[in-house]
Amino acid sequence: MSFILNIETATKNCSVSIAKDGQTIVCSELADEGYSHAEKLHVFIEEVITKAGITAQDLKAVAVSQGPGSYTGLRIGVSAAKGLCYALNIPLIAVDTLQTLASQAGVTDGKIIPMLDARRMEVYSAIFNSDLTLEREIKAEIIDENSFQEYTDKLYFVGDCAEKCKPVLTKDNFVFLENIKYPSAQAMSKISFDKYQKSDTVDVAYFEPYYLKDFMIAPPKKQD
């Protein structure tokens, strides 16, 4: 049997799960407006390992959300995942954040558009078919009333952008699944196990999160 630790910290949801052969057996998570990932992540990791009734040495791999998403959240998650992989000498698996989010829709028709907030009317988005194959690549885009107008089949929107996007995305075939706001480590289990079986892993030393946009640091204010 293969136990995999899944870590998802790309958004406000700090989420950790243990999966056995692709099935989630325990998950701890908290969606906190204050982004308490630095305080909660290692607590959650210890918690899920204990609840699963295993030890860290039983893990076959660690899977981490690779982005896009919060710069700080991604750094915290990837740093923790790398540390565990180094210490346990096990492989690191990178899981696309938007694929995880799309998988939570659970639909069998149309297309799924996961969107994560990127400030103002900009979002990180992709388009998946209902079988979770990628139809359109991940990109940062500004949403307006013309977005996705070329699609005539049903589009299911998931993510934390419903509040700002619903007023402009008003076609009858647009459906907002507003209860699915953040990606969860619980939904990473099947994806990470599939990658593990194919030996689809990344280099622990050189792997970096997929930020999509450069991290911008505001210049210091001039002193009077």
Side-chain angles (χ1 to χ4, degrees), residues 1-32 35-104 114 116 126 132-134 138 182-212:
M1 65 185 67
S2 299
F3 291 102
I4 296 177
L5 176 72
N6 299 291
I7 297 173
E8 166 54 68
T9 57
T11 66
K12 293 176 182 177
N13 192 31
C14 182
S15 181
V16 182
S17 73
I18 295 284
K20 182 174 72 173
D21 298 334
Q23 297 293 320
T24 302
I25 58 175
V26 62
C27 180
S28 292
E29 60 187 347
L30 175 67
D32 186 356
Y35 279 96
S36 60
H37 299 15
E39 295 81 18
K40 295 294 185 182
L41 181 57
H42 289 282
V43 174
F44 286 170
I45 290 171
E46 292 180 9
E47 188 174 279
V48 296
I49 290 173
T50 300
K51 286 183 177 178
I54 63 173
T55 67
Q57 285 69 31
D58 293 316
L59 297 173
K60 296 296 185 183
V62 177
V64 67
S65 180
Q66 69 177 7
S70 158
Y71 179 91
T72 302
L74 289 169
R75 295 300 298 179
I76 291 170
V78 169
S79 295
K82 282 187 172 187
L84 285 166
C85 289
Y86 273 124
L88 300 170
N89 193 28
I90 55 177
L92 177 64
I93 299 168
V95 176
D96 176 71
T97 304
L98 292 180
Q99 184 184 10
T100 298
L101 183 57
S103 73
Q104 296 169 218
L116 292 176
L132 296 183
T133 57
L134 185 65
I138 299 167
Y182 305 117
S184 169
Q186 186 162 348
M188 292 173 66
S189 298
K190 183 180 183 305
I191 301 171
S192 61
F193 185 61
D194 288 345
K195 284 176 169 280
Y196 174 74
Q197 289 184 303
K198 298 172 185 175
S199 296
D200 184 359
T201 60
V202 295
D203 189 297
V204 177
Y206 295 103
F207 174 71
E208 290 291 333
Y210 178 48
Y211 299 119
L212 195 55

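Numbering starts at 1 and runs along the sequence shown.
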Side-chain contact, heavy-atom cut-off 4.5 Å: E208 with R75? yes

Would the number of heavy atoms belonging to other residues, nucleotides or ligands and lying under 6.0 Å from CD of Q99 be above 12? yes

Report the distance from atom CG of L101 to atom CD of E8, rounding to the nearest 0.5 Å. 8.5 Å

Decide yes or no for S70 and I76: does some side-chain heavy atom of the first lie under 4.5 Å from some side-chain heavy atom of the second? no

How many angstroms lie between OG1 in T97 and CE in M188, if you round to the nearest 0.5 Å? 8.0 Å

Side-chain contact test, heavy atoms from C-beta onward, threshold under 4.5 Å: evaluate it for S2 versus D21 and give yes or no. yes

Please name the pair of heavy atoms, one in I93 and one in S192, separated by the smallest distance, quoted to 0.1 Å. CD1-O, 3.6 Å

Side chains of S184 and E29, donor plus acceptor under 3.5 Å: yes

Surrounding NZ of K40 (heavy atoms of other residues, nucleotides or ligands, distance under 6.0 Å), is the total greater than 12? no

D194/K190 ion pair, N-O < 4.0 Å: yes

How long is the gap from CG on L88 to CD on Q57, to the nearest 0.5 Å? 6.0 Å

Please determine whether the number of non-hydrogen atoms from other residues, nucleotides or ligands lying under 6.0 Å from atom CG of D203 exceeds 12. yes

Assess whether a salt bridge exists between E46 and K51, defined as any Lys/Arg side-chain N lying under 4.0 Å from an Asp/Glu carboxylate O. no

Using modelled atom types only, decide if a donor and an acceptor are shared between the side chain of H37 and the backbone of S15 within a distance under 3.5 Å. no

Taking side-chain contact (heavy atoms from CB on, under 4.5 Å) as the criterion, tell me which of I4, I54, L84 meets it with L59. I54

Contact check, side chains of L30 and F44, non-hydrogen atoms, under 4.5 Å: yes

Minimum side-chain heavy-atom gap F3-I49 below 4.5 Å: no

Hey, are the side chains of T9 and L41 touching, using non-hydrogen atoms and a 4.5 Å cut-off? yes

Side-chain heavy-atom pair Q66, F207 within 4.5 angstrom cut-off: yes

Counting only heavy atoms not in K82, do more than 12 sit closer than 6.0 Å to its NZ atom? yes

